[in-house]
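What follows is a short report on a single structure.
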Amino acid sequence: MTATDQSSTTDTATMVEALGVRKSFGRTEVLKGIDLTVRTGEVTCLVGPSGSGKSTFLRCINHLETIDGGSLSVNGHLVGYRRKGDRLHELKPSEVAAQRRDIGMVFQRFNLFPHMTAAQNIMHAPVLVRGESRKVARERASQLLERVGLAGRENQYPAHLSGGQQQRVAIARALAMRPPLMLFDEPTSALDPELVGEVLDVMKGLASDGMTMVVVTHEMGFAREVGDSVYFMDDGVVVESGTPSQVLENPRHERTKAFLSKVL
């Protein structure tokens with residue numbers, strides 16, 4: 001990748017900036033030039049049909065997937081690359097891992113360590129990666145469990161928690177690293193319908209606290225209520241974007257209208 005294919009933002013109020021991001025798996029082009037800007041403190045929702053590239057793009061933000069063209073910057077720094085002369089060079093795995101410390105991610109599946117209690121799951125990364133003392137990490141874990149509505153559940157194992165509770169522990173685990181940016185990849189899609197609300201309530205609370213969030217979601221009510229901006233993606237491109245009222249209530253493109261007619 002050449003440096004002419006990318007640039008990094010210098011606007012400190014911009015948390016995420018994607019310019020012409022492209023990604024292919026073999027001969028299949030999954031992202032076909034994504035432009036997106038997320039300002040600090042905003043909630044950006046990515047909506048669209050399955051297979052449109054939403055989750056792939058989200059994984060590119062923290063370099064779980066490499067990009068084939070364009071650029072991605074978080075907090076003013078290129079993700080996964082450094083510029084050297086007129087070319088970009090991929091960072092070492094240890095350098096990428098250091099960048100990821102500032103990007104929390106919550107997946108569709110909870111991915112909790114089954115042999116660890118809720119508190120131990122939350123404490124693991126701060127102790128291992130940031131070198132926090134177990135006492136400090138334990139206190140922080142208790143605070144975060146209270147924040148996500150699970151006070152007193154420190155010593156429970158994932159097998160003894162509902163899916164919604166496990167996902168809330170996963171959110172607390174991501175928050176334990178104190179990231180300035182949180183990514184959510186359809187965090188309610190694996191939950192029974194009656195458990196969706198408790199996870200969305202936690203996310204709404206984070207938004208109220210000013211957390212910068214990029215959320216891949218099929219929950220249009222959440223996008224309308226909490227989102228500052230909505231990007232509708234289809235077939236690897238951004239079809240249209242704007243405020244929730246613009247995209248969800250007054251869409252301009254026929255493809256957006258067709259999608260929303262099936263999910264609203």
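Taking Asp234 as the reference, Arg255 meet the side chain to side chain donor-acceptor pair (under 3.5 Å) condition, with sequence neighbours excluded. A search for side chain to side chain contact (heavy atoms under 4.5 Å, CB included) contacts involving Ala18 returns Val21, Leu36, Phe57, Leu72, not counting sequence neighbours. Gln156 pairs by the side chain to side chain contact (heavy atoms under 4.5 Å, CB included) definition with Arg153, Leu161, not counting sequence neighbours. With sequence neighbours left out, Arg138 forms a salt bridge (Lys or Arg N to Asp or Glu O under 4.0 Å) with no residue at all. Checked against side chain to side chain donor-acceptor pair (under 3.5 Å), Ser208 has no partners two or more places apart in sequence or in another chain. Residues satisfying the side chain to side chain contact (heavy atoms under 4.5 Å, CB included) criterion with Glu139, sequence neighbours excluded, are Lys135. Under the rule for a side chain to side chain donor-acceptor pair (under 3.5 Å), Asp228 has no partner lying at least two apart in sequence or in another chain. Listed by chain and residue number, nothing satisfies the side chain to side chain donor-acceptor pair (under 3.5 Å) test with Glu42 (two or more places apart in sequence, or in another chain).
Counting only residues at least two apart or in different chains, ring-ring contact (aromatic ring centres under 6.0 Å, His included) contacts with residues 117-153 comprise Phe113-His124. Note on residues 230-264: pairs passing ring-ring contact (aromatic ring centres under 6.0 Å, His included), not counting sequence neighbours, are Phe232-Phe259. Identified under the ring-ring contact (aromatic ring centres under 6.0 Å, His included) test for residues 144-179, with sequence neighbours left out: none.
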Could you go through residues 178-190 and list every donor-acceptor pair under 3.5 Å that involves a side-chain atom there, pairing it with any protein atom two or more places apart or in another chain?
unit_1: Arg178; atom_1: NH1; unit_2: Glu132; atom_2: OE2; d: 3.1
unit_1: Asp185; atom_1: OD1; unit_2: Ser55; atom_2: OG; d: 2.6
unit_1: Asp185; atom_1: OD2; unit_2: Ser55; atom_2: OG; d: 3.3
unit_1: Thr188; atom_1: OG1; unit_2: Glu219; atom_2: OE2; d: 3.4
unit_1: Ser189; atom_1: OG; unit_2: Glu186; atom_2: O; d: 3.1

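With a 4.5 Å cut-off on side-chain heavy atoms, Arg147 and Leu206 count as touching.
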